[in-house]
S.K.: 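Pasting in a structure now, in structure tokens, and then I'll have a few things to ask.
Residue numbers start from 1 in every chain, and the chains themselves are labelled A, B, ... in the order their sequence lines are given, proteins ahead of strands. Small disclaimer: the values here were computed from a predicted structure and weren't measured. These numbers come from the heavy atoms of this one structure, side chains and all, not from hydrogens, waters or symmetry mates.
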2 protein chains.
Amino acid sequence: MTVTEAAAERLIRIGEVARGAGVSVRAVRYYEQQGLLIAERSPSGQRLYRQDTVTLVRFFQQMFAAGLTSRRIAELLPCWDTGHTDAEQRAMLRAERDRIQAKVDDLQAALDRLDEVIAITDTHP
Amino acid sequence: MTVTEAAAERLIRIGEVARGAGVSVRAVRYYEQQGLLIAERSPSGQRLYRQDTVTLVRFFQQMFAAGLTSRRIAELLPCWDTGHTDAEQRAMLRAERDRIQAKVDDLQAALDRLDEVIAITDTHP
DNA sequence: CTTGCCTCTGACGCCAGCGTCAGGTTTTAG
DNA sequence: CTAAAACCTGACGCTGGCGTCAGAGGCAAG
């Protein structure tokens, strides 16, 4: 990103990204298709990624686990790329946050109910 | 369920169950198909449910929201019907509990990351 | 009687995040 | 040089909890 980057960063191929992030190669291709990743190409057509792509993919997984769609993630990508957002994006961020918080509450309630049942069935052989 | 039940409980039809639990009629039929509900039938073939079915359906929704499949719920139904469980069921209960707990942790982590971004983008117009 | 709402049984559709197979090229290890 | 491993581009399949349409019967009110 700075001028010192002239010390060209070593690029990695898709398999290394996948192993590094703990996902399948297919998944990484899918992310590209959804506009989440952009890859350079080697002369023969193989995808080449920067090393921090691994971190990015892990982040995608985290967001997927939180219920965001790839579309939403793509729409919000500029936020952590540039740190800048417009009003619409801020609204989306808040909406997702609230949705996740609600889901956490739901899960916690479900957890409590299961724990009830477990407690009962343990004392009730 | 006791003898006093002779004062026959009023049975309700599928629409009332659906409205009461806040789900679609289609969903209630689906639950029956998956073995989660058993309905009596009127002479003309209409499904008739006990009133507490509404509560049961709400419970299903809670478990679905927690990521349990209808199959799992069906396998665990005896637990809260009879209060009795075998070793296998107890193991499943614990497994689901742990899975949900892990999911809560994941969601919480995602929430924290989103909050980070929100904080940054708020101070960074 | 008929109007209008509720219910019935199939059965196909949908979405999202991949899995997986096919058939071919490229890179790497020995 | 060769074989294995890794990569490529399509393109169809899968899962689960329903939505939805089709076509037909049931039931209280006016």
S.K.: Tell me which of B/E16 and A/S42 sits closer to the 5' end of DNA chain C, going by the nucleotide each one is nearest to.
M.R.: B/E16
S.K.: Base, sugar-phosphate or nothing for B/R41? Non-hydrogen atoms, less than 4.0 Å.
M.R.: sugar-phosphate
S.K.: Check every atom of D/dC8, D/dG19, C/dT27 against the side chain of A/S44 and return the nucleotide holding the closest atom.
M.R.: C/dT27
S.K.: What about B/R26, does its side chain sit under 3.5 Å from the base of D/dT20 through a donor-acceptor pair?
M.R.: yes
S.K.: Is A/R19 touching bases, backbone alone, or none of the nucleic acid, heavy atoms closer than 4.0 Å?
M.R.: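 Result for A/R19 = nothing.
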S.K.: Would A/I100 end up clustered with A/L77 when hydrophobic side chains under 4.5 Å apart are linked, directly or stepwise?
M.R.: yes
S.K.: By the 4.0 Å heavy-atom rule, please label B/F60 as base, sugar-phosphate, or nothing.
M.R.: nothing
S.K.: With under 30° as parallel and over 60° as perpendicular, where do the rings of A/W80 and A/F59 fit, or are they tilted in between?
M.R.: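 Correct class here is perpendicular.
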S.K.: Between D/dA5 atom P and A/Q46 atom CD, what is the distance in whole Å?
M.R.: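 From A/Q46 CD to D/dA5 P: 17 Å.
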S.K.: Determine whether a donor-acceptor pair (one donor, one acceptor, N or O, separation below 3.5 Å) exists between the side chain of A/R13 and the base of C/dT27.
M.R.: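 Check fails, no donor-acceptor contact within cut-off.
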S.K.: Give a yes/no answer on whether the side chain of B/T69 brings an N or O atom under 4.0 Å of OP1 or OP2 in D/dT15.
M.R.: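 So the side-chain polar atoms of B/T69 never come under 4.0 Å of the phosphate oxygens OP1 or OP2 of D/dT15.
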S.K.: Quick one: are A/R50 and A/R10 in side-chain contact, heavy atoms under 4.5 Å?
M.R.: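 SC-SC contact between A/R50 and A/R10 ruled out.
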S.K.: For the side chain of A/Y30, starting at C-beta, report the closest nucleotide among C/dG17, C/dT26, C/dC6.
M.R.: C/dG17
S.K.: By nearest atom, which of the nucleotides D/dC18, D/dC8, C/dC8 is closest to the B/R47 side chain?
M.R.: C/dC8
S.K.: Could you tell me whether B/L68 contacts a base, only the sugar-phosphate backbone, or nothing, with contacts defined as non-hydrogen atoms closer than 4.0 Å?
M.R.: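 Sugar-phosphate, backbone atoms only, no base.
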S.K.: Is the gap between the ring centers of B/F60 and B/Y30 under 6.0 Å?
M.R.: no
S.K.: What nucleic acid atoms does A/Q61 come within less than 4.0 Å of, heavy atoms only: base, sugar-phosphate, or nothing?
M.R.: sugar-phosphate
S.K.: Can you check the B/R72 CZ to D/dG16 P distance for me, whole Å?
M.R.: 11 Å
